[in-house]
Amino acid sequence: MSKVIAPQSVKKGLWNCLKIGINPEFPDSGTPQGGVISPLLANIALDGIENIHKSVRYADDVTIFLKPKDDANKILEQIKDFLHQRGLNIKADKTRFVSATDGFDFLGWNFRVQKNGKFKSTPSEDNFKAFKAKVKSIVNNSNYGAKVKAEKLAPIVRGWRNYHRYCKMSGSKFSLWFINNRTFKVFNSEPNMSHQRAENLIKKAFPAVPYSENDFVNVLGDYSPFNGDIVYWSKRQSQLYDGATSKALTLQNYKCGHCGLSFVDGERIHLHHIDENHHNWKPKNLLAVHRSCHNFIHTRKGK
């Protein structure tokens, strides 16, 4: 496997972060959990652990896949030795052996092999509860009207649905039917609120996001944004979008319609209406652009 060489600017930035050190009041605490550099340091420290046994890892969250013939204790000892060489150890209360048919949670998903042998993934129970709590806190907030609630709910619902778009999302629970119905009753109970108006706000609060179970695309081999294949990463970034935005990206060869640069930096892609008429959705009137480019276009026009 070839190694990816990071740009000197990235190495320098990482060195500067480490050189600054940690909070002198907490010399043994290490880098803060959730800090922007914590996942990067975890990836550096744990690089190579995947060679011990078949596994999947995201920063310091690791899942090891075992077959009946595998010696679990032997593999665990190898992992402990690997970590010990780096001054690390396994956290016992977060390490457990489970059967694939019983299922396990990982990164907000629950993975399970069904009795018929088919694989299934759904949002984990804890993830769904946290999402549901966010929605309820907005819906039950008496300081907001239905219009404001709909505006606040939309990005939360869209983000949750996008995150789980490759899971099994059918059924009333994950289709959010019950939450949707409860929210409609709250909206509809407001003074001077018509039934049709409440329905329109519900559609705005719970935007539909298409999902396709297990239809994700893995990153090829040891690909990295630093490997120079701009076309590959730009096209992959563009796959996060659908509908009119996806069509515009394809027509533009996955490049910004304003600056001409590829979409490789993770910046959000906006859809610009060339004639400024937001009711004109003809393909020739739509341009996929960087968010910053979109802001520049309208700032230049004094809007």
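Between Leu286 and Gln252, the shortest heavy-atom distance links the atoms O-OE1, 4.2 Å. A pairwise comparison of heavy atoms in Gln78 and Ile52 identifies OE1-CG2, 3.5 Å as the closest pair. Considering all non-hydrogen atoms of both residues, Asp47 and Glu50 come closest at OD1-OE2, 3.9 Å. When all heavy atoms of Arg182 and Asn140 are compared, the closest pair comes out as NH2-OD1, 3.3 Å. Across every non-hydrogen atom of Gly103 and Asn110, the tightest pair is C-ND2, 4.3 Å. What you find for Ser175 and Gly171 is that their closest heavy atoms are OG-O, 2.8 Å.
Residues Leu107 and Ile64 are members of separate hydrophobic clusters, defined by side-chain heavy-atom contacts under 4.5 angstrom among Ile, Leu, Val, Met, Phe, Trp and Tyr. Residue Val56 is not grouped with residue Phe97 when hydrophobic side chains (ILVMFWY) are merged at heavy-atom distances under 4.5 angstrom, including chains of intermediate members. When hydrophobic clusters are built by joining Ile, Leu, Val, Met, Phe, Trp and Tyr residues whose side-chain heavy atoms come closer than 4.5 Å, directly or via intermediates, Val209 is not grouped with Trp160. Criterion: ILVMFWY side-chain heavy atoms under 4.5 Å apart, direct or through other members. Under it, Leu249 and Leu271 are not part of a common hydrophobic cluster. Hydrophobic clustering, with ILVMFWY side chains joined whenever heavy atoms are under 4.5 angstrom apart, keeps Met169 apart from Trp177.
A side-chain donor-acceptor contact under 3.5 Å links His164 and Asn127. Between Arg197 and Asn188, the side chains place no donor N or O within less than 3.5 Å of an acceptor N or O (distance only, hydrogens not considered). When only modelled atom types and interatomic distance are considered, Asn200 and Gln196 share a side-chain donor-acceptor pair under 3.5 Å.
If you look at Trp109 and Tyr163, their ring centroids are closer than 6.0 Å. Annotation: Phe187 is not in aromatic contact with His195 [ring centroid separation under 6.0 Å not met]. Centroid-to-centroid, the aromatic rings of His290 and Phe263 come within less than 6.0 Å. Residues His298 and His294 bring their aromatic ring centres within 6.0 Å.
For the atom pair CZ (Phe82) and CG (Leu88), the distance works out to 9.0 Å, reported to the nearest 0.5 Å. Taken from CD in Glu276 to CD1 in Ile297, the straight-line distance is 10.0 Å, to the nearest 0.5 Å. The line from OH of Tyr254 to OG of Ser246 is 7.0 Å long, rounded to the nearest 0.5 Å. Separating the OG atom in Ser121 from the CZ atom in Phe106 is a distance of 13.0 Å, to the nearest 0.5 Å. To the nearest 0.5 angstrom, Lys255 atom NZ is 9.0 Å from Leu261 atom CG. If you take CD1 on Ile79 and OG on Ser55, they are separated by 7.5 Å, rounding to the nearest 0.5 Å.
Under 4.0 Å is where a charged nitrogen must lie from a carboxylate oxygen, and between Lys120 and Glu213 no such pair does.
Residue-environment remark: CG (Asn116) exceeds the threshold of 12 foreign heavy atoms within 6.0 Å.
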Next on the checklist: The test is ring pair (Phe, Tyr, Trp, His ring centres under 6.0 Å); show your working for His258 and Phe296 and say whether it passes.
Outcome noted: CA-CA 10 Å; His258 178 72; Phe296 177 76; 5.7 Å; yes
Checklist entry - What's the verdict on side-chain contact (heavy atoms from CB on, under 4.5 Å) for Phe65 and Asp70, showing C-alpha distance, side-chain angles and the deciding distance? => result CA-CA 9 Å; Phe65 299 103; Asp70 293 327; over 6 Å; no
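A donor-acceptor contact shorter than 3.5 Å is absent between the side chain of Asp60 and the backbone of Ala42. A donor-acceptor contact shorter than 3.5 Å is absent between the side chain of His272 and the backbone of Ala288.
Below 30°, between 30° and 60°, or above 60°: for Phe111 and Phe119 the angle between ring planes is below 30°, a parallel geometry.
Annotation: cation-pi pair Lys173/Phe128 present, NZ/CZ under 6.0 Å from the ring centroid and within 45° of its normal.
Side-chain contact between Glu151 and Lys149 is absent, with no heavy atoms from C-beta onward closer than 4.5 Å.
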